[in-house]
Amino acid sequence: MTERFPRDRFDDVTDGPRVGAHRGPQRRGRGWIVFAWAALATGVLVGIGVLALGLATGGDSFDSTSGTTTTSSPTASASGRPSSSPSSSSSSSSSAGTGSSSGATAATSAQQGTTTVVVLNGTNTTGLAGRASTALSGAGWRITSTGDAGTTGTTQTIVYYRSAASAAVAQGIAKSLGTTAVQQSAAFPNADVSVVLGADYTG
């Protein structure tokens, strides 16, 4: 047996457009709007990252530039020192050569008689020291002794003087032997001037 209820407003619903909560048709272009916002956000993030990276790289390059500038200064000063050294040695050599040419006139006859001179043979040529001693004695120099040097491979004749007071005498002796090589040295303490004959001496 079917139970019947009193008639109400729901019994009077007519057929027509749907009314109530339902999914409406999707609007066109909504996906493009979402994509545009996503692209804009990505661009902003990329720009911030590039800016931060640029600031960091700029700071590093500044530091490296400062370091390069700092290290270049000692390099310049270091390269400047050796350049001046050869110049001074060149001037010293030239001045020594000039002194050698004028040494004979600088040495007085009194110095020739009081300065002790030793003649040493630095080669294998027998009697070379005796010949040089005879030549120097004939020029007025006082020879105290002759002998052989500690080496026999000397190629250049060099006149050594012990103190600066004997420089003029050493230059005069060098001129008498036909050489210009004069050096101050403390290696020969037994005489004021010591001559080491080399292979270039043919007297």
query: Considering the options V44, V50, I48, which one meets the side chain to side chain contact (heavy atoms under 4.5 Å, CB included) requirement together with V46?
result: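 Of V44, V50, I48, side chain to side chain contact (heavy atoms under 4.5 Å, CB included) with V46 is met by V50 alone.
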field: Main-chain N/O of V119 paired to T146 side chain as donor or acceptor, under 3.5 Å
entry: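 No; zero donor-acceptor contacts below 3.5 Å.
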field: Gap separating the CZ atom of F188 from the OG1 atom of T116, nearest 0.5 angstrom
entry: 13.0 Å
field: Inter-residue atom distance T154.OG1 - L128.CG, 0.5 Å rounding
entry: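 Here the rounded value is 10.5 Å.
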Flag yes if [X] and [Y] sit in one hydrophobic cluster, no otherwise; membership is Ile, Leu, Val, Met, Phe, Trp, Tyr, and two members link when side-chain heavy atoms are under 4.5 Å apart.
{"X": "V118", "Y": "L197", "result": "no"}
{"X": "W141", "Y": "I158", "result": "no"}
{"X": "L177", "Y": "V196", "result": "no"}

message: Which residue in the set T125, N124, T123 passes side-chain hydrogen bond (donor to acceptor under 3.5 Å, both in side chains) when paired with N121?
response: T123
field: Contacts of type salt bridge (charged side-chain N to carboxylate O under 4.0 Å, His left out), residue R162, not counting sequence neighbours
entry: D192
query: Taking all atoms of both residues into account, what is the closest heavy-atom pair of P189 and A187, and its distance?
result: CD-O, 3.4 Å
query: Can you name the nearest heavy-atom pair linking G122 to A149, along with the distance?
result: CA-CB, 3.9 Å
- request: Answer whether the closest heavy-atom distance between the side chains of W37 and V34 falls below 4.5 Å.
  value: no
